[in-house]
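Everything on this sheet refers to the single structure shown next.
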Amino acid sequence: MLPVPRSDADESAQQSIGSAHDERITRTARVPAGELSTHTQQGDSSQCETGISLPPSPPGYDLLSVLGNGGMGDVYLAREHATERLVAMKFLRSSGNRSAVERFLVEVRAIASLKHANIIEVLATDFMRVNPFFTTEQATGGSLEKWIRQQGLLAPEEAARLCATLARAVAAMHLKGLLHRDLKPSNVLLFASTDSEHAAPGPSLGEWVPKISDFGLAKRTDQDDGVTVGSAPIGTPSFMPPEQISKKNGEVGPAADVYGLGATLYYTLTGHPPYGPGAPSVVMHEVLTGLVPAPRSRRPELPPDLDGIVVKCLEKDPRDRYATAAALAEDLEKFLAGKRPEAPRHTAIRRGKRWLGRHRIALCATALFLVVASGLVGDGVVLRRAADPVAEIRRDLAQGRQVTLVAATGRPQYSRFILEPNTLGESPAADGSVSFHSFDYGLLELCPEPGIERYRVTLEIRQFMARPLAPNATLETDFCGLYFGFASGKSLAGLPVHGMYCVSFKEYRIPRPAGAPQDHAASFHTVGLTQHPDKTISMSSSRLKAVPFVPQGRPGPWRRIAFEVSPDGITVYWFATDGNPQLLAAFDAATCQQKFADMRKPSRLNAPELPEWTPNSPFGIFSYRSHVAVRNVYMTPLP
Amino acid sequence: MHVSIDYPLPDTTVGRVFHVGGTYDAQSHILRGGGTAAAAGAVAATATTATKPKIIEYKVLCKLFLSMDGPVVEMTDSNASPVGPWDVAFDVDADYDNCKITAQLFIDDQDTEQTDEVTGIKIKNGRGGTVRVS
């Protein structure tokens, strides 16, 4: 198993949002039943990590601890007197709210109507009391989300097998006329299989039985509960399909659950939800307008066929997804049998064009609605974004027009963090430029493959600060800069590796060590980054060229860098403090290829599968333990 | 975590006696409790227990390739700090063109796979300034 990428910020993207009649759902982090900590399993009911005190135990039960807080109710671990078994007990929180009681009834009836080995089972109900509750089996294995976080990413076959099992359960649910509408890894609970009752299941996922839980958003297909009419959308933004955000994007039907299954499969393969992290409104905007990064872009060794299946599940138009969960299960089973699945292999441009052609107007309208509704107009940045910024950037470049990737103020037209989940904020200088802080290697992609092969990029980048220095510190090791020619592959050891050209520099705060040059330099490197299973990233660099420059302390001045790339080679300029450009490097095509190919050697990345250098590759800025700002980034096509 | 060669810069000329140095930073390895014995020792050393702290050695192995296919001279700089400067001196007996210098960071003799290299170094008798940027 591979490690799960660190994503502290993911939690905000998985916040649930609620309908108007249930205010407590809004922006409440949902902790699934089954998230049972060790001490609560031992019956220590005096401690509740969530800080919620235990209500009086209902007759016949002892409440032991809080398991989590759902959108409508609170979930507790309880011991049933008669059987002495542990159960999960869910109480309705807003018991005085008639519609909440009705929703709660929908949930319990939905579960009770289903009898399936991979759907959680209701054990008991009590709706005759002031605070209605029902009990379900207690998941000893916790949730799938927790499993992935602790045990690492699933192997492609293991993930496909799991998702096929879940898809069969969802298909059975659909046959009963029920939609789940909140399928995600934290709503898949793991139970010890019957065979392993007398021995604790091991670390293999195959020894556990996955069951779908949390039917709080379940809906009968023959009834309209007005979920997206006259109220805010409900669901988990990073796992919900476009039609669940706005009916302009289609009706919520079985394809919505296919999307949830695809998003769950995406998470088990990459450790990320398809969109996010970010505030719910921002993630919903991405769901509506952004192209989902293909799983292989996050984990290059994934089989293209499985990549295609995931992407088909996550199509924005429900008509482009699998028609049924059963069809998804069949395609996954074909993949597992070594046959070619129905899903075409992923090509982002074809997919983006097809969907844009159908939905440009609705998309813009919905995006505008969301921006206004979420109060993001204040900073005036989101409105300037194109409906599909990548498509627009590529179109303008293809037509020979200069593209402003980042203006003097405001957010980039497009951006994506690579390696280190992060967020963009306003620069500490309060000049309207954007900045971010990296705790390790932070890469911010500003343009994916531009679609052209001859272009010039100019930009301004500024290093503000790094981590605080100790009083007696003698040196600092942070740096920042830009990268281009980004390519991903894997090493002989099977680890993900990324190769790129970089221009780096740093602004010193403290005197250089004795004997070191007092002038440092802006340098041009090839850089290879290897992602290790223990989550560390190692860097293998080759300093190819350098120019001296005068450090300015912190915060540094805006540093201006320019580069030109084409199939003929690379030219890089560093602009000195006086504004005059200094040639940093000029390589012909053969040298470009040779320097890049050096990274594949055993003495460097040891990555024979790293692709060749090509001008049509992503570009961005990077930061190592620094805070950097960026502005005035222009990409100009060259003849 | 990284190691860098800050001097000499690529495509520069140095004298026959010259210094190579830069910085290294292994702190993120410790913070993350990464999968090496060294990291485990580092965590133990910061814990408030009676366990005797383990002394971790951070070492930069610097190799000078006298011309791209020429003989290799190795020097190491060992330290007890997870972050710091490193510096080694080379003393060669002839002039060479197109040398390559590599640096590799080790923690308790385990290769961290952090490397840096500079190329295009020219060694010429009479050139002073062991770390000059030309």
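Just so we're on the same page: letters track the sequence lines, and every chain starts at 1.
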B:Lys59 atom NZ, over 12 foreign heavy atoms within 6.0 Å: yes
Gap separating the CD atom of B:Glu117 from the CG atom of A:Leu544, nearest 0.5 angstrom: 8.0 Å
A:Phe479 ring center within less than 6.0 Å of B:His2 ring center: yes
Candidate pair B:Asp6 and A:Arg543, rule side-chain contact (heavy atoms from CB on, under 4.5 Å), full reasoning: CA-CA 9 Å; B:Asp6 289 351; A:Arg543 194 171 299 216; 3.7 Å; yes
Contacting moiety of B:Leu105, where chain A heavy atoms sit under 4.5 Å: neither
Nearest heavy atoms of B:Gln114 and A:Met539, plus distance in Å: OE1-N, 3.0 Å
Closest non-hydrogen atom pair, B:Asp116 against A:Ser542: OD1-N, 4.0 Å
Donor + acceptor pair across side chains of A:Ser540, B:Thr115 (<3.5 Å): yes
Straight-line distance of B:Ser4 OG to A:Lys506 NZ, nearest 0.5 Å: 7.0 Å
Chain B contacts, top residue of A:Ser523, A:Gly528, A:Ser538 (heavy-atom pairs, under 4.5 Å): A:Ser538
A:Tyr624 side chain vs B:Met1 backbone, donor-acceptor pair below 3.5 Å: yes
